[in-house]
2 protein chains.
Amino acid sequence: MNDSTIIDVARRAKVSVATVSRVLNSSSAVSPKTKTRVLKAIKEMNYTPNAMAKNLRSSKTMTLGVVVSDILVSYYAEIIKGIENTAIPFHYNILICDAQNRKEKELEYMSLVKNRTVDGMILVAPLLTNQELIHLAEEGYPIGIVGRFIDHPNIPCIYTDNVKASHEVVNHLIEEGHEKIAFLSGYADAVDSYERLEGYMKSLRDAGRPFIPELIENGNFNETGGYDAFRRLLAKNIGFTAVFAANDEMALGVYKACEELSIEIPSQMAVVGVDNNRISKYISPKLSTVDQPKFTMGALLAEKLIDQLNDNVYTDKMRFKVDSTLLIRGSSHRKK
Amino acid sequence: MNDSTIIDVARRAKVSVATVSRVLNSSSAVSPKTKTRVLKAIKEMNYTPNAMAKNLRSSKTMTLGVVVSDILVSYYAEIIKGIENTAIPFHYNILICDAQNRKEKELEYMSLVKNRTVDGMILVAPLLTNQELIHLAEEGYPIGIVGRFIDHPNIPCIYTDNVKASHEVVNHLIEEGHEKIAFLSGYADAVDSYERLEGYMKSLRDAGRPFIPELIENGNFNETGGYDAFRRLLAKNIGFTAVFAANDEMALGVYKACEELSIEIPSQMAVVGVDNNRISKYISPKLSTVDQPKFTMGALLAEKLIDQLNDNVYTDKMRFKVDSTLLIRGSSHRKK
DNA sequence: CTGAAAGCGCTAACAG
DNA sequence: CTGTTAGCGCTTTCAG
């Protein structure tokens, strides 16, 4: 166990603790001779500075919290990889928080920034409302958002245009000749759900198609939810030939139901998801989906938040919109 | 921002800091009246105790580090879920460390336990050798291992019998009528690789088959590595009809190569992996693989480590062997 | 270039 | 039941 403190090292090197601290942090010049002596003592005692003491004194923990809905979903994991990619070089650690798709959990985790366990918090596609988020930022807590636009000078955010992406998907489906297109939304209170639904409706409107409310079902953004929702849809006997799932997880549920019911994708049922989940290109047929530059989104946002943490730079550009791209794969391309 | 300290609260409630601390931690009785007053002050000032100060004082951070090789691999993500499942109720946070398949990284992360950023460290299928791990434990750092047996009284560990699992896989392949079975190992220095190879050889021996060294290739435990290794294997023209990949990621690489070369699975090439990665049951044909109770493994190990952290219980049972099960799916079941 | 000393915010004796 | 006080281990003025 490492029990030695800076005092022990100082004693052994016959210098003051201040000097030891100086060589530890290269904070100011120390004569080469004393420096060597201190270094030697440190090595001999196998001394490691106590991070808690350092944190307390410097009011920094050098760790960033990252709240995601579900660590098992590759979409989040890739964003985390991106965050990590910028955090590591800046010597920040990452505290991952798995909110298990629950808003209360998300809120609970915010105490980590309040009690100074982390220096800042990155929320990925949070369930918290903009208002709640803004409230936190105004209390002075450094937070950043991935996957949502939020109009506040203190909150860096990076997002894609959900309405546009969704609009593109539905247009594609219409072009493929589908008349009735179902929509699987996520939890009703998620902004993503709402925006994707908006794009869906816009497409219908543009194409002069009627909006049929029965064609909408909520699948809670997860596989079983998607499965159930799709079965409910089917039970209504509306005769739709395509489903747009607001994320890939729900699309996976659709695949499962189709397999059980021997509905062939895409000839009898076209399917499109969103997220470009890792699984989407392994399943058969490959799932058409909307890709976002996840890694980059995480990396860039982390950079901005770290900037803010260190220089209190709020003036800089803080809001980033990145493009998403529709990947048309086997699940939605009708055989001629 | 939360700038108020316990002193401010004390002042406002007209009590001493000790009393505030008492109500905060319910560490000893406080009269209902003062308690209410303190609580009121806390609420009014929107006070949150500073975790760093608390940590320093109590020499506890209530966080556990978890080192995994790659957070994107669902195998690790599920273990993390298990760890989380026991950590949360015990009020521990989890600091995820993504070692990016590199041993130096793993070692670097160990500084988190040395410098007291975390109270203990869980290593999942580490690249560090038993010796290195034991060294750390003997220096007094609380560590636990998931996915490997390690014979040391201070190191809780949970593992499956790799030799046996691998033995089972190869037996299955032999029963399916395969004569020449290739083996894709991971990095040469990983214990898992070694043990899985051992089981492979044992099966051949038991069945009176010759061991052909050319049938072994290293795929580094990842998809592209598996792809490359499989292509190298093919290039040797040995005429094997089955591959046992030491993990599912490499098996995915085999699938990719087979698709490119129009080799049909399983009729022309049987494939079996290990891990029961989430993707394995979505690909077509479904991948035969070896399942481990990942969630349970994480949960149980975390429990043991936390026990150790709190009570210094080293006497308790510390090493757990759990059963893995061979899941025979489409990729290795020869059509009659 | 080096040392002394004042805390960072909290907990836990100890005394009352 | 409540208050006083001594640190936890470190960084950082301020003097020298």
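So you know, we letter chains A, B, ... as the sequences are listed, proteins then strands, and number each from 1. Here the structure is a predicted model, which is why all the values come from computation and not from measurement.
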Give me the one residue out of A:N101, A:N222, A:N220 that meets side chain to side chain donor-acceptor pair (under 3.5 Å) with A:Y187.
-> A:N101
With B for base contact, S for sugar-phosphate-only contact and - for none (protein heavy atoms under 4.0 Å), nucleotides 9-16 of chain D reads BBBBB---
Donor + acceptor pair across side chains of B:N130, B:R148 (<3.5 Å) | yes
Indicate yes or no: at least one non-hydrogen side-chain atom of B:I158 is less than 4.5 angstrom from one of B:K304.
-> no
Nearest 0.5 Å, what's the OH-OG1 distance between A:Y92 and A:T61?
-> 8.0 Å
Quick check: are there more than 12 heavy atoms from other residues, nucleotides or ligands sitting under 6.0 Å from CD of A:Q131?
-> no
Starting at atom CE of B:M62, determine the distance to atom P of C:dC10, rounded to an integer number of angstrom.
-> 17 Å
State whether the side chain of B:D119 and the backbone N or O of B:M62 hold a donor-acceptor pair below 3.5 Å, judged by distance alone.
-> yes
Atom pair distance, as rounded to whole Å: CG in A:D119 and C1' in C:dC8 | 15 Å
Compute the bend angle of the helix from C:dC1-D:dG16 to C:dG16-D:dC1 from the end axes (five pairs per end), rounded to 10°.
-> 40°
Side-chain donor-acceptor distances from residues 295-302 of chain B under 3.5 Å, at least two apart:
none

Taking NZ from A:K35 and P from C:dT2, how many angstroms apart are they, rounded to a whole number?
-> 11 Å
Taking all non-hydrogen atoms of both residues, which atom of A:R319 and which atom of A:C157 are closest, and how far apart?
-> CG-SG, 3.0 Å
To the nearest Å, how far apart are A:N115 CG and C:dT11 C1'?
-> 16 Å
